[in-house]
Amino acid sequence: DGSAMEVAAPACRDSEELVGVNGDAFKFASERIRGDAECLLAALQQNAWAYQFASEVLRDDPDITERALELNGLNFEFASPRLRDDPRLLRVAMAQNSGAYRLA
């Protein structure tokens with residue numbers, strides 16, 4: 001479930017390989033990993049909720065956010081305020097989960 005990363009050595013928390021194998025570990029990954037688009041996309045394939053632990057920069061990236069919303073519309077809650085004002089992204093979120101409208 002990725003919880004071993006919580007107590008892992010810093011070198012392990014900074015491993016792209018470990019995050020790519022276990023998306024649950026993304027929340028315990030280093031800041032560098034949480035700010036890396038490729039690592040986030042790999043983590044999302046394992047755990048669609050990983051987006052909430054991404055850096056602010058990635059949560060303000062329209063392309064990354066759209067991909068996260070396609071996998072889990074409820075990720076709309078974690079998008080930057082600027083992107084939460086984007087009706088197109090809300091539509092993407094609602095296409096995946098109609099309950100996303102409550103997050104707008």
To the nearest 0.5 Å, how far apart are [atom1] in [X] and [atom2] in [Y]?
X	Y	atom1	atom2	value
L71	E66	CG	CD	11.0 Å
F26	I33	CZ	CD1	8.0 Å
D63	L41	CG	CG	10.0 Å
K27	R34	NZ	CZ	12.0 Å
Q45	L40	CD	CG	10.0 Å
I64	L44	CD1	CG	8.0 Å

What heavy-atom pair brings [X] and [Y] nearest, and what distance separates the two atoms?
X	Y	value
A50	A43	CB-CB, 3.9 Å
A48	N72	CB-CB, 3.7 Å
P87	D85	CD-O, 3.2 Å
G99	L74	C-CD2, 4.3 Å
S55	G35	OG-CA, 3.5 Å

Other residues, nucleotides, ligands: >12 heavy atoms within 6.0 Å of R102 CZ: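 Result for CZ/R102: open.
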E38 CD: over 12 foreign heavy atoms closer than 6.0 Å: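 Open: at most 12 neighbouring heavy atoms sit under 6.0 Å from CD of E38.
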Residue from V92, L58, L89 passing side-chain contact (heavy atoms from CB on, under 4.5 Å) with T65: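 Between T65 and the candidates, side-chain contact (heavy atoms from CB on, under 4.5 Å) is satisfied uniquely by L89.
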Verdict with reasoning, R82 to D60, per side-chain contact (heavy atoms from CB on, under 4.5 Å): CA-CA 7 Å; R82 177 180 76 90; D60 191 50; 3.0 Å; yes
Within one Ile-Leu-Val-Met-Phe-Trp-Tyr cluster: F78 and Y101, side-chain cutoff 4.5 Å: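 Yes; Y101 is reachable from F78 via cluster members.
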Verdict with reasoning, Y51 to L69, per side-chain contact (heavy atoms from CB on, under 4.5 Å): CA-CA 9 Å; Y51 176 77; L69 296 174; 5.8 Å; no
